[in-house]
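These notes are about the structure you will find just below.
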Amino acid sequence: MDLFSHSWLPFIYLYGLGGILFVAGIFITLKAGSFDLKRSSHKKWMWILMFGFVWYLTMHALMTWAALGIISPYVVLYTLLILVVIFIIVTLNFKKIVRA
Amino acid sequence: MQTFHSIGTTTDWIVMVVYFIAIMLFGSYFSRYTKNTSDFFFGGRRFSWWLITMSIVATGVGSHSFVKYSAKGFEHGISSTMTYLNDWFFIAFFMFGWLPIIVYSKVRSIPEYFEKRFSPSSRFLATILLLLYMIGYIGIGFLTLGKAVIPMLPPEFVLFGMTIPITLMGAIIVIAIITGIYITYGGQTAVIFTDLIQGFILLFAGLLLFFFGITYLGGFDVFWNLLPTAWKLPMADFNQPSNFNFVGIFWQDAIAGSIGFLFMNQGLIMRFMACKNVNEGRKAAAINILFVLPISAIVVGNAGWIGKAISITSPEVISPSVSPDQIFVVVANIIASPGMFGFIMAALTAALMSTVDTLINATAAIYINDVHRPIRHFLKKTSSSVRENDRNELLAARYASIAVTILGVLAVLAFKNFPTVYEAHGYFHSTLTPPLVVGIFLGVFWKRFTASAVITTFVGGVALMILGARYPGILIAPFDHGIEMNVDHPYSYIRALYNTLVCSGVAVAAALTTRLQLNFVSKIRSNPNGKMIMNGLLAATILLFAVVLFGIMGITLQVVAAIGVIILIPLTVTYFVRYDEETNTLGLTAGTIKIARLQFKGSEPNDAEGNTVLVNWKLVENDENMMRFSTTDMAEMKANVGDLVYISDKRKWFGGLKSAHSVYGEPHQEEGIVYLTADLVEAGLFAKDKLLRAEKEM
């Protein structure tokens, strides 16, 4: 059974078109000056925005692999938990990491 | 299709009644904090991000989600909740565009933004569209509530010897009465706190159901292996079937729905406006979308997935022909013990009520701000006393809540014939959101988007949308991505693409031809019969719109009429409506947020990053209602006289309930002490001898 139209085609469409919109959002708000990377709190928001995109892309990719039987569903869970831990550590220590 | 009645035991009903009473008492306790319309609608702009995040859970998850996602989960598997995982794409637009604008421009409703950014006539049209959207949303909420409760009720009951059947509409009317009573006496603070506790309970109840289901089936591996591969995939098939396909739902939900929810759902916007500052709103949005929504996806969809797995192993327990909208109740009843089932159902129905409450509260806010207040202003009926005006508005808000509840019940009639709540909601979103979404979006991010362009988007865009709805096989089909057209409910989802494209196209065309419109209007103005010509054009526009609205003559002439509307509207608007690009965009577009901050504060914002300080408070008399800190504390906060300050009870678990905003006054020399006026102590609900935490806002 060909599952491409049920698995990777929606994935490509979602992150292709969604990715364009996401980048456009960052670009437009940066250009408008409302998102200002000179401010340290906004630098942290940039990290959170990027993490969010990667977080969802990873989640969808892993879930698709798990559904297709390529990886175990437990790998999805553990990988996402690791990403959450990375997010918390980096976000809470963002200033120190940037300074370092 | 198999339907159920009288599910549940007496124990379940007792648990439900106790739960409802407890929640209402909890909400009533916090309604004491509602002193004026600002508190009633916005909760006084004081809450912390975590409180708002959890209260959004009950609004988002509670809103028809359990019923509709379980239904699709039972029909199509894990992809049922794909719409929960696609809200991140617009987050930058929201966090750094729309959110700061609505907070700093101090607008109280979305139509008010339209007046400031464009013109009063834009506000009028936006109010109509937004009220339709909100009332439709309330209708969907009531429909879901009715569908959730019906399986638990008997098919009929006997009263004074008469047998009375229990119908869907009958159940909805009773639910509406209970909901209306609660919101009328609660207000936003009560709703926020009720939603806070319900957010936790909902997540707990949903995960508990998943745990029970997995245990019932014999473990996670058994559950996982029972589902066919297609049912485990996180996204639906690209373009089939017509009632559940990826590409249609992408445009309906990820695009129109996400922007609609983040940018024009007044209920959600009011939650963010209740945050103590813009940054807290950003945090609430980020944590909600990043972490709470994926958990919520499991919470709302799992009953359907479990139901599907049980129907494979034991079709005699759950038949594959069970009505999808009833699967949540059926599964919960099978896998949860008596009492626990009552708890799960109570959590579901109470959360649904919370959602409807929020929407009713928000719609009443729109009514007060965009209908009641302008009419009173027009009739010159406003009192010179602020207190009297506020009392009048609070009373009007409560009557408006009742009226909105009734209209919400009537709106159910428009949706009840859809096969599932999911499709009804999809159709609703695809149809009503595009004009406003395009109007808000271009208004915020495109300075050249004018008043004539936004009105043309509303009227001309709607004209083309009407044609699309009337001739879907001709007009929407070219955008269908290969989705088969269902004759009964044509293109429920992908119509969002057509509607968004026609509204965007009209908007961009009208904005780009501004120079031509101005030239034309300038020539007309120099003509002695100019006014008569423009009145004639206005009449022609109304006539052409009527041709489209009532479907007079064939498709070709209707399309020509729609094009005529799109050409004439910008000309008439440019002639009749005053609009100045510089004035109307100042502080109201993403490019002018710095000015918005300056206007909000009243002077140059101070962005030096200071620390928070803990202080005791002392009551003083001060006519200017400022907060006065010691020189040392001011230095610690890197604050100057005139900067904005936020002060709250040190106990973080209050989430900002006991807090106040003010301005730094001249410093004193008593370190660790803040001087507060009686008004500030009352506004902040500060307790004697309790430490306060102060921080500079800007």
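Chain letters run A, B, ... following the sequence lines, proteins first, then strands; residues in each count from 1. Treat the numbers as computed from the prediction; the structure is a model and nothing was measured.
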Report task. Report yes if the side chains of A:Y74 and B:D221 come closer than 4.5 Å at any heavy-atom pair, otherwise no. Result -> yes
Query raised in the report: Only one of B:I289, B:L85, B:L290 clears side chain to side chain contact (heavy atoms under 4.5 Å, CB included) with A:W55; which?
Result: B:L290
Report task. Heavy-atom distances under 4.5 Å only: say whether B:W88 touches chain A with side chain, backbone, both or neither. Result -> both
Report summary line: Between B:F93 and A:T29, the two heavy atoms sitting closest are CA-CG2, 4.4 Å
Report task. Looking only at non-hydrogen atoms, find the nearest pair between A:I48 and B:A286 and report the distance. Result -> CG2-CB, 4.4 Å
**Report entry** Interface moiety of B:K283 toward chain A, non-hydrogen atoms closer than 4.5 Å
**Finding:** both
Query - CD (B:E581) with more than 12 external heavy atoms under 6.0 Å - result: yes
Query - Which atom of B:A92 lies closest to which atom of A:G25, heavy atoms considered - result: CB-C, 3.8 Å
Requested in this report: Please look at A:S72 and chain B and tell me whether the side chain, the backbone, both or neither of the residue comes under 4.5 angstrom of a heavy atom of that chain.
Outcome: neither
Query raised in the report: Any side-chain heavy atom of A:L3 within less than 4.5 Å of one from B:D237?
Result: no
Query raised in the report: How about B:F211: does its CZ atom have over 12 heavy atoms from other parts shown lying under 6.0 Å from it?
Result: no
Report summary line: chain A shares the most heavy-atom pairs under 4.5 Å, among B:N245, B:N279, B:N86, with B:N279
Name each donor-acceptor pair under 3.5 Å that joins a side chain in residues 9-17 of chain A to protein atoms two or more places apart or in another chain, with its distance.
from: A:Y13; atom 1: OH; to: B:W251; atom 2: NE1; distance (Å): 3.0
from: A:Y13; atom 1: OH; to: B:H481; atom 2: NE2; distance (Å): 2.9
from: A:Y15; atom 1: OH; to: A:Y56; atom 2: O; distance (Å): 2.9
from: A:Y15; atom 1: OH; to: A:L57; atom 2: N; distance (Å): 3.4
from: A:Y15; atom 1: OH; to: A:H60; atom 2: ND1; distance (Å): 2.7

Query raised in the report: A:S5 versus B:N239: any side-chain heavy-atom pair under 4.5 Å?
Result: no
Requested in this report: Sort A:M46 into side chain, backbone, both or neither according to what part of it lies under 4.5 angstrom from a heavy atom of chain B.
Outcome: neither
**Report entry** Nearest heavy-atom neighbours spanning B:M95 and A:L49
**Finding:** SD-CD2, 4.3 Å
Query raised in the report: Is the ring centre of A:F4 less than 6.0 Å from the ring centre of B:F238?
Result: no
Query raised in the report: Between A:H42 and B:F96, does the ring centre distance come in under 6.0 Å?
Result: yes
Query raised in the report: Does any heavy atom of chain A fall under 4.5 Å from the side chain of B:I255, the backbone, both, or neither of them?
Result: side chain
Requested in this report: Name the region of B:R282, side chain, backbone, both or neither, that has any atom closer than 4.5 Å to a heavy atom of chain A.
Outcome: both
Report task. Report, as yes or no, whether the 6.0 Å neighbourhood of atom NZ on B:K601 holds more than 12 heavy atoms from other residues, nucleotides or ligands. Result -> yes
**Report entry** Distance-minimising heavy-atom pair for A:H6 and B:A236
**Finding:** CD2-C, 3.5 Å
Query - salt bridge (charged side-chain N to carboxylate O under 4.0 Å, His left out) partner of B:E609, chosen from A:K44, A:K95, A:R39 - result: A:K95
**Report entry** Intermediate values then yes/no, side-chain contact (heavy atoms from CB on, under 4.5 Å), B:I78 and A:M63
**Finding:** CA-CA 10 Å; B:I78 288 172; A:M63 284 168 75; 4.2 Å; yes
Requested in this report: To the nearest 0.5 Å, tell me how far B:I593 CD1 sits from A:F35 CZ.
Outcome: 12.0 Å
**Report entry** From OG (A:S7) to CZ (B:F246), nearest 0.5 Å
**Finding:** 11.5 Å
Query raised in the report: Aromatic ring centroids of A:F22 and B:F90 under 6.0 Å?
Result: no
